[in-house]
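Below: one structure, written as structure tokens.
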Amino acid sequence: LQRKMTMLYKKFQDIELSALGLGCMRFPVLNGDDGQIDESQAGAIVRYAMEHGVNYYDTAWPYHKGQSEPVIGRILSKYPREAYYLATKFPGYLTENFPKAEEIFASQLKRCQVDYFDFYLFHSVSDGNIDGYLDPKYGIIDLFRAQKKAGRIRHLGFSTHGSLETVKRFLDAFPEAEFCQIQLNYMDWTFQRAQDKVQLLRERGIPIWVMEPVRGGRLASLDEASETTLHTLQSEESIPAWAFRFLQSIDGIGMVLSGMSNFEQLQDNIKTMSESKPLSPAEMETLLCIAQELTRRTAVPCTRCRYCVEKCPKKLDIPSLLALYNRKVAKEDIRSELAGIPAEKQPMSCVACHSCEKICPQGIKIATAMDRFTHLLHG
């Protein structure tokens, strides 16, 4: 495959991984339905990524309502197997999946049209599911150790949104973890104690994979004052590039994943990750000051993963409502956006069943947020 610019690469054991990986969670969709991937556009995105040196592709069982794995499987089947590294995950974020682990894994191989996964992760190890992951009744870790020994998994790791204590507990049970994927960006460096997790993983000698580098798009565009400050420092730098340059400044990072849903995002991120350009001390200080202000104005830490939507009996667009809630708390005018939402899809329609909260990776008390949002609107 012809490369049109020089992608940065990171050494992982005996292979070279592109510094930027393509996350398959936010492909373009049809009719606004997350379960209807625009496969033609997704294929074009993958083709461009391949041509520009991206060799790591990350999917998962639930992405795009279960359609991400089969779609990326079809797309990647057109390329030589040695041209890419494919990662997916065991969906332990839902405890009901633990008894079905073997069945799910076999299905994943078929959906992705491969005989093995280059990278496989225990998905979203958290305070709410770690007991299931470690329960001898399910034997989850041993099951996937066996799959690795059989050659159906080349490298085994885990992703986590859990507390520092949960990460320690899982590492104690799974000390041979080859990599760990965490939510890391300049806002979460202190907001969700990402800095502490980075330190722990360094101490354990475990390579760090990064998810949510721009926090579900939150750091892709900033308020006017913050953007002006950054443009004063580097007039040619895009706003998303600052988030990736922050990560270039952190030791121990081996892979940065980004769910790029259009060519503008893809091209900008490839450009940024084709040059090593860590932040200067002054730039780092400025960025962390901006992060403090963003944190102050953020009521709930939603990253728009949309796991919650599938569990909502009212089918509320929870991520969009939480984004509006954050803006309302920050005293922004959201009246025009609210006017476009049908009454039955507004925050007061939440029935507080808490189903969404059980699978939220960020641990957001969604029902409480909806109640507070309702009171802000009508109080």
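We use all heavy atoms of the structure for the numbers below, so side chains are in, but hydrogens, waters and symmetry mates are not.
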Is Ile37 reachable from Leu76 through a run of hydrophobic residues whose side-chain heavy atoms are each under 4.5 Å from the next?
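In one cluster with Leu76: Ile37, yes.
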
Are the side chain of [X] and the backbone N or O of [Y] linked by a donor-acceptor pair below 3.5 Å?
X      : Y      : answer
Lys89  : Thr59  : yes
Ser238 : Ala241 : yes
Asn55  : Tyr85  : no
His64  : Asp34  : yes
His155 : Glu178 : no
Thr160 : Val125 : yes
Ser159 : Gln181 : no
Glu227 : Leu222 : yes
Arg111 : Trp61  : yes
Asp188 : Phe191 : no

[X] atom [atom1], neighbour heavy-atom count above 12 within 6.0 Å:
X      : atom1 : value
Lys11  : NZ    : yes
Glu102 : CD    : no
Lys65  : NZ    : yes
Glu285 : CD    : no
Glu264 : CD    : no
Arg372 : CZ    : no
Lys314 : NZ    : no
Asp115 : CG    : no

Hey, are the side chains of [X] and [Y] touching, using non-hydrogen atoms and a 4.5 Å cut-off?
X      : Y      : value
Gln183 : Gln362 : yes
Leu22  : Met260 : yes
Pro240 : Gln265 : no
Leu171 : Leu201 : yes
Leu20  : Leu8   : no
Arg154 : Leu86  : no

Quiz question: by atom type and distance under 3.5 Å, do the side chains of Asp33 and Gln36 form a donor-acceptor pair?
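Checked: Asp33/Gln36 side chains pair up, N/O donor to acceptor below 3.5 Å.
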
Parallel under 30°, tilted from 30 to 60°, perpendicular over 60°: which one fits the rings of [X] and [Y]?
X      : Y      : answer
Phe174 : Phe170 : perpendicular
Tyr325 : Phe373 : tilted
Phe119 : Phe12  : tilted
Phe90  : Phe98  : tilted

Is there a side-chain hydrogen bond (donor to acceptor under 3.5 Å, both in side chains) between Thr166 and Asp127 once you walk through the steps?
CA-CA 6 Å; Thr166 289; Asp127 303 3; 2.6 Å; yes

Mind checking side chain to side chain contact (heavy atoms under 4.5 Å, CB included) for Arg193 and listing every partner two or more places apart, or none if nothing turns up?
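Residues passing side chain to side chain contact (heavy atoms under 4.5 Å, CB included) with Arg193: Leu164, Asp196.
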
What side chain to side chain donor-acceptor pair (under 3.5 Å) pairs are there with at least one residue in residues 341-354, not counting sequence neighbours?
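Pairs touching residues 341-354 that pass the test: His354-Glu357.
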
If you round to the nearest 0.5 Å, how far is CG of Asn185 from CE of Met211?
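CG of Asn185 is found 10.5 Å from CE of Met211.
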
Roughly how far, to the nearest 0.5 Å, is CG of Asn269 from CG of Leu257?
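With rounding to 0.5 Å, CG (Leu257) is 11.5 Å from CG (Asn269).
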
Might you work through the salt bridge (Lys or Arg N to Asp or Glu O under 4.0 Å) test for Glu310 and Lys358, ending with a clear yes or no?
CA-CA 12 Å; Glu310 293 305 301; Lys358 296 175 182 176; over 6 Å; no

Ala367 and Cys350: which non-hydrogen atoms are nearest, and at how many Å?
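Shortest heavy-atom separation between Ala367 and Cys350 comes out as CA-SG, 4.2 Å.
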
Considering all heavy atoms, the nearest Ala101-Ile140 contact:
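Looking at all heavy atoms of both residues, the closest pair is CB-CD1, 3.7 Å.
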
Should Tyr133 and Ile141 be marked as a side-chain contact (heavy atoms from CB on, under 4.5 Å) after you check the CA-CA gap, both sets of side-chain angles, and the distance that decides it?
CA-CA 7 Å; Tyr133 268 123; Ile141 294 178; 5.7 Å; no

Aromatic ring centroids of Phe105 and Phe144 under 6.0 Å?
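Under 6.0 Å, so yes.
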
Decide yes or no on ring-ring contact (aromatic ring centres under 6.0 Å, His included) for Trp242 and Tyr186, but give the supporting numbers first.
CA-CA 9 Å; Trp242 287 96; Tyr186 63 84; 8.8 Å; no

salt_bridge(Arg327, Asp333) N-O dist < 4.0 Å
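So Arg327 does not pair with Asp333 through a salt bridge.
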
For Tyr116, which residues count as a ring-ring contact (aromatic ring centres under 6.0 Å, His included) partner, sequence neighbours excluded?
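Tyr116 satisfies ring-ring contact (aromatic ring centres under 6.0 Å, His included) with no other residue.
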
Under the criterion salt bridge (Lys or Arg N to Asp or Glu O under 4.0 Å), I'd like the reasoning laid out for Asp172 against Arg204: C-alpha separation, chi angles, the key distance, then a yes or no.
CA-CA 10 Å; Asp172 288 342; Arg204 301 287 183 105; 3.3 Å; yes

Does the side-chain contact (heavy atoms from CB on, under 4.5 Å) test come out yes or no for Asp118 and Tyr56, once each step is laid out?
CA-CA 9 Å; Asp118 301 281; Tyr56 190 98; over 6 Å; no

Under the salt bridge (Lys or Arg N to Asp or Glu O under 4.0 Å) criterion, do Glu332 and Arg297 qualify, and how do the steps go?
CA-CA 10 Å; Glu332 294 183 30; Arg297 296 167 51 195; 3.3 Å; yes

